[in-house]
Amino acid sequence: MPTQARIVILVDLDYFFAQLEELRNPSLEGKPVVVGMYSGRTETSGAVSTSNYLARKYNVKSGIPLFLAQKRLEGTDAVFLPVDYDYYQQVSDNIMSILRKYSDNLEQAGIDEAYLDVTKKACNNYKDAEALVQEMKATVKREVGVTFSVGIGPNKLIAKIASDIHKPDGVTVVGPEQVEGFLSPMSVDVLLGVGKKTVAKMSELGIKTVGDLAKYDVQRLVEVFGKVLGVYFHNAANGVDNEPVEEAGEAESIGRMGTLKENTRDLAVIMEKIDQQIEEIYKEYSTKNLSYRLVGISAVMTNLSGKSRSKTLEKPAKDKETIHKAAQELFEKYLGESDLEIRRVGVRVGSFIKEERQQQQLIKFFKT
DNA sequence: GTATGCTTTCGGC
DNA sequence: TTACGGCCGAAAGCATAC
């Protein structure tokens, strides 16, 4: 059965955190704005979360150390602010609820992105879709004060790639008949699932661009990458993507990570931090009525190299103590394997099982 | 050989 | 001069199962 033609939109809120800081403090406009995560170790210990476009001109972008950002912006009237996640979440929720009204279906992809299926709302017509987008933009700008960039295409794959073309406050339309010309000159790594290793592997086969991949023999792709991946690569390269736009389910894992006051190898010091993190994680999964089957830890060493360990429990659990015990075991084992000092630690739970399902299993058990 | 599941690392935001 | 977050899901790399 052929899949019905769709019109899919990706909305990407422009330099979101920094834009919101400008929004609530208009005196920031015209200045480089850097929103940073401060670890609390020293005055400038931390990293850049987001910066506005003016700051980006000084090569200050997401992920770089804050001290480096400061150095690059020396002599300017740059403003540095700490992240205010609750505020950003609130505005994001607000925008998403507006966007929902303009779509048949909306799928959030992080705090600042959403896919919208607008096939019906736009009467299956790209001109209407563009008009719809202009209306959305005007409404969000008027009611919230925020701008965003948009990609419009026949599926999520094309919408996402298109949204990156014109930023900020841009709109890029790629209709079905333009897909081939749009995709074929691009590097294969624009495709989801094509990472460094796969790029190298494809390069050996003489595949550099999406166009190369699109005309490569499917049978051969299947031989090299396996049935699932081979077919997927072939379809994606040809602009074919049938992934539906649907509201995301529960998170697959919940975790916390944090920087220690001082580097250490002391298990007690580590577990003190971990216990704080377990408290926060517990609040989150218990209100959602989830049981976990996986407990994992992660550690970042003094030299900033990272390690993680995890274990799957024999049976699901929902209490805090099981996390503590498993995390302690994992750290004990890890400290035995490495002699580096630890800088940051984290803990997470995952492989969730919903309460209802457990009850069903229990009922099934009693019936037999 | 291909699929599946588990674990660790990678990388985007 | 030294310097450096906190998430998450995807990818990768195995081991085992079919």
Side-chain angles (χ1 to χ4, degrees), chain A residues 10 12-19 34-51 60-72 82-83 85 88-89 92 107-114 160 163-164 167 189-201 222-233 243 248-260 263 273 277 280-281 284 293-314 330 333-334 337-338 343-352:
Chain A
L10 180 86
D12 182 357
L13 305 174
D14 297 320
Y15 62 104
F16 190 48
F17 297 175
Q19 188 185 173
V34 181
V35 178
M37 286 167 290
Y38 291 83
S39 71
R41 250 195 184 201
T42 67
E43 197 79 3
T44 59
S45 176
V48 173
S49 175
T50 322
S51 56
V60 168
K61 49 194 179 182
S62 301
I64 71 166
L66 283 168
F67 74 85
L68 198 56
Q70 260 175 6
K71 205 170 122 189
R72 289 181 182 169
V83 287
Y85 203 79
Y88 310 146
Q89 188 65 62
S92 169
E107 174 181 336
Q108 250 181 274
I111 194 169
D112 65 347
E113 268 187 33
K160 169 76 178 168
S163 74
D164 255 334
K167 285 183 162 188
D189 59 11
V190 300
L191 303 176
L192 192 69
V194 180
K196 223 165 79 184
K197 301 272 179 172
T198 310
V199 166
K201 235 174 175 178
V222 170
E223 280 168 32
V224 177
F225 298 102
K227 196 173 177 181
V228 173
L229 269 181
V231 170
Y232 163 73
F233 288 150
E243 288 303 306
E250 294 292 352
E252 289 173 21
S253 72
I254 298 171
R256 287 294 181 273
M257 170 122 238
T259 304
L260 297 163
N263 299 341
K273 185 81 181 172
Q277 296 172 337
E280 289 184 35
I281 291 171
E284 210 171 314
R293 214 162 74 81
L294 180 100
V295 177
I297 58 149
S298 53
V300 173
M301 311 307 133
T302 314
N303 64 9
L304 296 180
S305 64
K307 289 278 178 237
S308 65
R309 292 285 182 271
S310 65
K311 66 183 280 184
T312 296
L313 305 172
E314 278 178 25
L330 289 166
K333 211 160 108 196
Y334 177 68
E337 294 164 12
S338 156
R343 177 185 179 94
R344 292 161 58 199
V345 294
V347 59
R348 77 188 164 100
V349 295
S351 302
F352 294 121

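Lettering follows sequence order; numbering is per chain, from 1.
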Gap separating the [atom1] atom of [X] from the [atom2] atom of [Y], nearest 0.5 angstrom:
X	Y	atom1	atom2	result
A:Ser49	A:Lys61	OG	NZ	15.0 Å
A:Arg344	A:Thr302	CZ	OG1	12.0 Å
A:Thr42	A:Phe67	OG1	CZ	10.0 Å

Sugar-phosphate, base or nothing in reach of [X], heavy atoms under 4.0 Å:
X	value
A:Arg293	sugar-phosphate
A:Ile254	sugar-phosphate
A:Gly110	nothing
A:Thr50	nothing
A:Ser253	sugar-phosphate

Rounding to an integer number of Å, can you tell me how far [X] [atom1] sits from [N] [atom2]?
X	N	atom1	atom2	result
A:Arg343	C:dC4	CZ	C1'	6 Å
A:Arg41	C:dT2	CZ	P	17 Å
A:Tyr88	C:dG6	OH	P	15 Å
A:Leu304	C:dG5	CG	P	7 Å
A:Gln70	C:dC4	CD	C1'	13 Å
A:Glu252	B:dG5	CD	P	14 Å
A:Tyr38	C:dG5	OH	P	12 Å
A:Met37	C:dC4	CE	C1'	10 Å

Non-hydrogen atoms of A:Ile281 and A:Val347 that approach each other most closely:
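Nearest pair, atom of A:Ile281 first, then A:Val347: CD1-O, 3.3 Å.
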Salt bridge flag under 4.0 Å for residues A:Lys160 and A:Glu113:
yes
Which parts of nucleotides 13-18 of chain C does protein reach within less than 4.0 Å, heavy atoms only, written one letter per nucleotide 5' to 3' as B for base, S for sugar-phosphate only and - for none?
S-----
Letter by letter from the 5' end, nucleotides 7-13 of chain B scores (B base, S sugar-phosphate only, - none; protein heavy atoms under 4.0 Å) SBB-S-S
In terms of relative ring orientation, are A:Phe17 and A:Tyr88 parallel, tilted or perpendicular, with 30° and 60° separating the classes?
parallel
Between A:Thr50 and A:Ser62, is there a side-chain donor-acceptor contact under 3.5 Å, judged purely by atom types and distance?
no
Respond yes when some side-chain nitrogen or oxygen of A:Thr42 is under 4.0 Å from OP1 or OP2 of C:dA3, and no when none is.
no
Closest-nucleotide mapping onto DNA chain C: is A:Phe67 or A:Gln277 further toward the 5' terminus? I mean the 5' end.
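On the 5' side of the pair lies A:Phe67.
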Look at the side chain of A:Met257 and decide which nucleotide, out of C:dG5, C:dC7, C:dC4, has an atom nearest to it.
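Comparing C:dG5, C:dC7, C:dC4 against the side chain of A:Met257, the answer is C:dC7.
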Would you indicate whether A:Glu337, at its atom CD, is surrounded by more than 12 heavy atoms from other residues, nucleotides or ligands within a distance under 6.0 Å?
yes
Between the main-chain N or O of A:Asp12 and the side-chain N or O of A:Ser163, is there a donor-acceptor pair closer than 3.5 Å?
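Between the backbone of A:Asp12 and the side chain of A:Ser163 there is no qualifying donor-acceptor contact (under 3.5 Å).
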Do A:Gln89 and A:Ile111 have side-chain heavy atoms sitting under 4.5 Å apart?
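Yes - at least one pair of side-chain heavy atoms lies under 4.5 Å apart.
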